[in-house]
Amino acid sequence: MLNDMNRDVATLGRLSPELITELRNAELTMDGAAMLKNLHDAYGIGGDLFDDYPP
């Protein structure tokens with residue numbers, strides 16, 4: 001996705017409507033608490049943010 005974003009900005013000067021839709025859908029369906037737990041379990045980072053997310 002980062003490559004797609006880079007390509008869009010380089011060629012269009014902005015993100016394509018399709019990519020914007022994909023990003024918005026991802027935002028609506030992501031589980032921030034689970035992502036934070038995975039980052040902490042895998043890399044040991046983000047533990048100080050646990051108080052900001054409900055269990």
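Predicted model only: the values in this text are computed from it and were never measured.
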*Looking only at heavy atoms, what is the nearest atom pair of Met1 and Leu19, with distance?*
CG-CD1, 4.0 Å
*Where do Leu15 and Val9 come nearest, in terms of heavy atoms and distance?*
CD2-CG2, 4.0 Å
*Distance from Asp48 atom CG to His40 atom NE2, nearest 0.5 Å?*
8.5 Å
*asked:* Once rounded to the nearest 0.5 Å, what's the spacing between atom NZ of Lys37 and atom CG of Asp31?
replied: 11.5 Å
*Kindly check if the number of other-residue, nucleotide or ligand heavy atoms within 6.0 Å of CZ (Arg24) is above 12?*
no
*Check Asn3, Thr11, Asp4 against Arg7 for a side-chain hydrogen bond (donor to acceptor under 3.5 Å, both in side chains) and give me the one that passes.*
Asp4
*Same apolar cluster: Met5 and Ile20, side chain cutoff 4.5 Å*: yes
